[in-house]
There are 2 protein chains.
Amino acid sequence: MKQDAKSKLALNTYTKLMRGTESVTARVGRKMSDAGLTISQFGVLEALLHKGPMCQRDVASKILKSTGNITLVIDNLEKQGLVQRERSLEDRRYCTVLLTGKGRELIVATFAEVEAAIIAEMGVLTDEEQQTLGKLCKKLGLREG
Amino acid sequence: MKQDAKSKLALNTYTKLMRGTESVTARVGRKMSDAGLTISQFGVLEALLHKGPMCQRDVASKILKSTGNITLVIDNLEKQGLVQRERSLEDRRYCTVLLTGKGRELIVATFAEVEAAIIAEMGVLTDEEQQTLGKLCKKLGLREG
DNA sequence: CTGAAACGATTAAATGTCAAACTATTTTTT
DNA sequence: AAAAAATAGTTTGACATTTAATCGTTTCAG
């Protein structure tokens with residue numbers, strides 16, 4: 001294949017990857033916003049649900065956002081009574097963040113919705129296609145830079 | 001395959017898709033921020049470069065953002081002297097947005113950088129893999145909802 | 001033990017994002 | 001032609017995001 005055609009293929013593939021992903025993200029994201037949650041808020045609650053209480057730094061690394069960001073997201077979740085901060089007694093630099101009852105209820109229900117939406121989205125691909133897609137995406141993500 | 005395993009596969013594929021795409025986006029996006037442009041700003045300039053002057057509504061639909069958003073992005077580009085607004089004379093509701101010389105220079109150079117980065121990113125996949133990835137992503141994006 | 005370095009969290013400033021309300025202009029209806 | 005509907009753009013308010021600066025706390029080295 002000529003270099004020029006190779007470039008076109010690469011750009012074309014990139015575009016399809018972006019469009020497809022955005023499209024899926026938008027539809028799955030709607031389940032979150034239907035529940036009154038942003039994607040980040042959902043991510044925080046989901047991490048707390050599945051990994052248990054943790055400090056803000058760990059939350060940040062779990063959802064791949066900056067710590068400055070997490071402060072605000074948790075502020076907003078706290079205002080809504082979905083999570084609670086507890087300053088650690090042993091090391092007062094740490095804030096442990098934990099779900100409230102209300103928060104747990106909401107994230108359990110919303111997670112189920114989101115999970116179903118993801119399964120529906122991926123359902124347009126056969127199992128084999130999904131495996132292939134996963135493999136290719138993993139390859140793309142590898143060279144962490 | 002059992003339903004449970006099917007669900008796991010779907011969630012797993014979704015995660016890989018998101019991670020891989022984020023990873024690529026971050027690295028390609030660095031070329032834009034190196035040039036002092038945000039992703040949105042790049043998108044606007046690129047549209048103007050390749051499609052020629054257009055009104056804000058068309059810019060918005062081209063980069064898939066809300067019109068309220070575009071107003072601000074173009075405000076910021078205008079402040080930097082990269083684009084220029086011209087109120088249409090026939091229909092005064094329309095603003096035609098066009099590149100300045102400075103804007104054209106910047107986007108031509110930056111686009112080349114970004115294009116090279118994309119080609120490099122996709123280069124970890126063989127041509128055949130790229131074709132497969134493109135096809136699968138297209139399938140995922142289809143059911144516009 | 002004390003000062004320096006490291007670390008977790010917070011804050012601030014710049015930009016982006018959307019949705020919704022609003023303005024100005026044009027087109028359509030009656 | 002006047003009223004109503006549609007359209008392009010702007011503004012506003014709430015949230016997100018990053019980077020960099022700052023605050024308070026803890027650890028560690030001398």
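Throughout, protein chains are lettered first and strands after them, A, B, ... in sequence-line order, and every chain is numbered starting at 1.
- Shortest non-hydrogen contact noted between B/I119 and A/S7 is CD1-OG, 3.4 Å.
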Dump the pairs, protein N or O against N or O of nucleotides 19-27 of chain D, anything under 3.5 Å, distances to one decimal.
| unit_1 | atom_1 | unit_2 | atom_2 | d |
| --- | --- | --- | --- | --- |
| D/dT26 | OP1 | A/R92 | N | 2.9 |

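- Across the protein-nucleic acid pair, B/L77 atom CG and C/dA14 atom P stand 17 Å apart, rounded to whole Å.
- The distance between atom CG of A/L64 and atom P of D/dA16, rounded to the nearest whole Å, is 16 Å.
- Evaluation of the side-chain contact (heavy atoms from CB on, under 4.5 Å) rule for B/L125 yields A/L136, A/K139, A/L140, B/E129, B/Q130, B/L133 as partners, not counting sequence neighbours.
- Computed from coordinates, the B/D75 CG to D/dG9 P distance equals 13 Å when rounded to whole Å.
- In terms of the salt bridge (Lys or Arg N to Asp or Glu O under 4.0 Å) criterion, residue partners of B/D75 (sequence neighbours excluded) are, by chain and number, B/R85.
- Taking atom NZ on A/K65 and atom P on C/dG8, their separation rounds to 20 Å, with Å as the unit.
- Side-chain N/O atoms of A/N76 include one lying less than 4.0 angstrom from OP1 or OP2 on D/dA16.
- Near-neighbour residues of DNA chain D inside residues 35-62 of chain B, defined by a heavy atom below 4.0 Å, number-ordered: B/C55, B/Q56, B/R57.
- Under the side-chain contact (heavy atoms from CB on, under 4.5 Å) criterion, A/K51 pairs with A/M54, A/K62, not counting sequence neighbours.
- Residue pairs meeting the ring pair (Phe, Tyr, Trp, His ring centres under 6.0 Å) criterion with at least one member in residues 84-137 of chain B, sequence neighbours excluded: B/H50-B/F111.
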Could you go over nucleotides 2-4 of chain D and give all protein N or O partners under 3.5 Å, atom names and distances?
none

Enumerate, atom names and distances included, each donor-acceptor pair closer than 3.5 Å involving a side-chain atom of residues 63-70 of chain B, sequence neighbours excluded.
| unit_1 | atom_1 | unit_2 | atom_2 | d |
| --- | --- | --- | --- | --- |
| B/S66 | OG | B/N69 | N | 3.3 |

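- For B/D34, there are no salt bridge (Lys or Arg N to Asp or Glu O under 4.0 Å) partners at least two apart in sequence or on another chain.
- Legend: salt bridge (charged side-chain N to carboxylate O under 4.0 Å, His left out) pairs involving residues 96-114 of chain A, not counting sequence neighbours: none detected.
- Rounded to an integer number of Å, the gap from CD1 of A/I74 to P of D/dA16 is 11 Å.
- Legend: residues meeting side-chain hydrogen bond (donor to acceptor under 3.5 Å, both in side chains) with A/N12, ordered by chain and number and at least two apart, are A/K16.
- For the pair A/R30 CZ and C/dC18 P, the computed distance is 12 Å after rounding to whole Å.
- Between the side chains of A/R19 and A/S23, no donor N or O sits under 3.5 Å from an acceptor N or O.
- For the pair B/E86 CD and D/dA8 P, the computed distance is 19 Å after rounding to whole Å.
- When the side-chain contact (heavy atoms from CB on, under 4.5 Å) test is applied to A/T25, the partners found at least two apart in sequence or on another chain are A/T21, A/I39, B/M18.
- Taking atom OH of B/Y94 as the reference point, atom C1' of C/dT25 lies 11 Å away to the nearest angstrom.
- B/I70 comes within contact range of no nucleotide atom at all, as no heavy-atom separation falls under 4.0 Å.
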